[in-house]
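Taking it in order: structure first as structure tokens, then the write-up.
Predicted model only: the values in this text are computed from it and were never measured. Here is the naming used below: chain letters follow the sequence lines, and residue numbers restart at 1 for every chain.
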Amino acid sequence: MNGFPLLSVYVVDFLGSSLMIVLSLTAFHYVNHLRKLEPRNVLWNYLFWLCLMLVTFALSRSLGHILKYIFIFMDIKHLWHHLAPFSGGWNTMTFVAVSALTFYYSNVRKVMAQVREDAKQIASANARLKEAHAALRQLNLSLEHRVEKRTRELKRSEQKFRRLFEGSKDVIFFCNAEGEITDINDSGVHLLGFKSKNEVLNTSLKEFFDDEEDWEVFFRNLLAHGDISEFEARLRRSDGSLLYLMLTATALKDSKSNMVSFEGIAKDITHFKEVTDTLIRSEKMASVGQLAAGVAHEINTPLGIILGYAQLMEEDFEDDEEVLDTLKTIEKQAKICRKVVADLLKFSRQSIERILAPIDIRQSIEEVISVMDHSLSMDQIYVELDMAKDLPPAFGDKEKIRQVFVNLINNAAQAIGKDGKIFIGADFDRENDMIEIYLGDSGPGISQDVMKKIFDPFFTTKGVGKGTGLGLSVSFGIIKDHGGHIDVQSPPKDQKLLEKGVNTVFYIYLPPMKDEESGQSES
Amino acid sequence: MPVLFVLFLPLFFPSRAAAVQIHGPPEGLYVHQMAHCIFAAAMIFLIYLLSKYPPGKGTAWKYLKISLFFFFMWNINALIVHSLDVRLPDDALFKTADFWKNRLNPPLTLERWVYFVTKHDHFWCVTAMFFLVISLRSLCRDTEQKLTMRKETGKP
């Protein structure tokens, strides 16, 4: 037989078809496993579908070929002719499917690559965002710490200055450019006689200055120099009483050197001023007293001679009425002079007459009132007494103390004129160990200028011939001589007295009798 | 169901489907050949993709590319053998009643020799399938290892 046998072709075809089925199923098994491991992997999904197509191709083609041999073997070859187009058609479809899948995979891969790239970028952006967030958080934390620290420091500082502001016994004030008080500490509020800060706020500082000129000087200096130190000014409290302050202030200026506000400290020097005034007055009184004593001594002797001779001559000219009248006039005027001299000596505490004994202040005042009550009633002046029952006795010259009361009541009555009230009270100040006697009147009050000279000898506001101006200076000398002191307030600082209508009040402070004094009396 | 039956009826009785255009016998062959062509193109294209944008490194990917190359070669082989099936004259094959004794008639020209060799196309496709299997097996192992490592380290 010529020609080349095709048996090898059939054998390879048969075996190859069998192997194709086995291998395609094995490949499908692996790819299926792979897909299960990573279901979202695009390549595995592609390979899965590729293998599935290859399996169907292998089954279609290889089974077809195997069946062909079986049909030939069984001599039903014609069946193959029916089957072959289906097998071939199916194979063609699997080829097309594999190709479409591959080309489609390319696009999917691109999309996936883009998605991966996007995801990568998002992840990278996320990482950067995370870093930025962490940095921001760190910064925030650090900022929070810093703010917290600064707030703490600020709070401490604020508390420190707040304590200083609130606790200071001196006045600390803040004013705007117009001089209106924008803030003031409690000391300032109370010192100016107010109860709450709101009463003071927005009030011009100028309104508290008693002397407008003082304000002008203060404000002008502040504007000109930017500060002012230790400026002494007299201010008036809400109740009208006076207050001496030493002001130190600094102006705050803007970029154009215009004052926008000022702030300062004011020290209350009222007490210091009073003490200084009292000291000055005491010194003055002492020197005036010495002068008065000298003058009195010098005048007393010739005055005694004048009086003596005048009296002798009266006896000689008893019959001559004209001469007698003249001599009587000389005697009368000489006696007036002697009284003035005696008063001067009393003021200078050089009076010889001195009877020391325990003094019942309450009784003394009541005795003086009973003597003067009639004349006071004539002028419709009524006395209101408010004296403690357990007053300790004072020690000294009862008559002189009475004279003091008489002088003060007289002065009060003269100040009132007609229709008024005199308030007299006494109490024992245990804290200072002093008997405190006050005598107030509803008169018109005393001006500051008068008050400065009120205890000066020969100073009087009464008309000529109505007073010698020695009453208060003598009283001052007597009280001083008894170890006490006398003071005057107009208007009074005591609110209760103010409410009663008192405009001037004299305070007498006398020491109570000591144990060692109780047994001794001298004259 | 009746609609599906009507739709698929021409598939079972193509000669009765008078309303549709009848296509001659070469059409099936052409379609099949074209399918081989795009299959071959797809394989080359995939090799190109895997080379340009390698999804990974290792033998698995090399085996996969080899597998694709053999599939490509199998398609080329199929194209040739199908063409020669048409080209060779009827008397080129001596078909006997005993199928197993069928022979390639002389003269044994190059064309007839090529036909004989390319008729052994399973050498290509079985080899391609074999490389595909070992490639997938390697990929499975690699992936399992990767997942295990990821699980152990806790990294995503």
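- T143(B) has its side chain out of reach of N41(A): every pair of non-hydrogen atoms, C-beta onward, lies at least 4.5 Å apart.
- Side-chain contact between L136(B) and H33(A): absent, with no pair of heavy atoms (C-beta onward) separated by less than 4.5 Å.
- F95(A) has its side chain within reach of H32(B): a pair of non-hydrogen atoms, C-beta onward, lies under 4.5 Å apart.
- Within a 6.0 Å sphere centred on NZ of K36(A), other residues, nucleotides and ligands contribute 12 heavy atoms or fewer.
- With contacts defined as side-chain heavy-atom distances shorter than 4.5 Å, the pair L132(B)/L54(A) qualifies.
- Top candidate by heavy-atom pairs under 4.5 Å with chain B, chosen from C51(A), A97(A), S99(A), is S99(A).
- Of the listed residues L43(A), V96(A), L19(A), D13(A), the one with more heavy-atom pairs under 4.5 angstrom with chain B than any other is D13(A).
- Residue contact with chain B, scored on non-hydrogen atoms closer than 4.5 Å, is absent for F48(A).
- Residues of residues 66-86 of chain B lying under 4.5 angstrom from chain A, judged on non-hydrogen atoms, are F71(B), W74(B) by number.
- Expressed to the nearest 0.5 Å, how far CD of Q33(B) lies from OG1 of T92(A) amounts to 9.5 Å.
- For residues 39-49 of chain B, the interface with chain A (any heavy-atom pair closer than 4.5 Å) comprises F39(B), A41(B), A42(B), M43(B), F45(B), L46(B), L49(B), sorted by residue number.
- Contact count against chain A (heavy-atom pairs under 4.5 Å) is highest for L147(B) among I134(B), L147(B), L64(B).
- For R61(A), the part sitting under 4.5 Å from any heavy atom of chain B is the side chain, from C-beta outward, and nothing else.
- More than 12 non-hydrogen atoms from other residues, nucleotides or ligands lie less than 6.0 angstrom from CH2 of W80(A).
- Within residues 127-139 of chain A, no residue has any heavy atom under 4.5 Å from a heavy atom of chain B.
- For residues 112-130 of chain B, a heavy-atom distance under 4.5 Å to chain A picks out W113(B), F116(B), K119(B), H120(B), D121(B), H122(B), F123(B), C125(B), V126(B), M129(B), F130(B), given by residue number.
- Residue W90(A) qualifies as open at atom CH2: its count of foreign heavy atoms under 6.0 Å is 12 or below.
- For Y63(B), the OH atom is loosely surrounded, since the number of other residues' heavy atoms within 6.0 Å does not exceed 12.
- Note: Y30(A) OH to R141(B) CZ = 6.5 Å, rounded to the nearest 0.5 Å.
- Using a 4.5 Å cut-off between heavy atoms, L15(A) does not touch chain B at all.
- When heavy atoms are compared at a cutoff of 4.5 Å, S8(A) approaches chain B by way of both its backbone and its side chain.
- Environment of NZ in K62(B): sparse, with no more than 12 heavy atoms of neighbouring residues, nucleotides or ligands closer than 6.0 Å.
- Interface residue F57(A): only side-chain heavy atoms are found under 4.5 Å from chain B.
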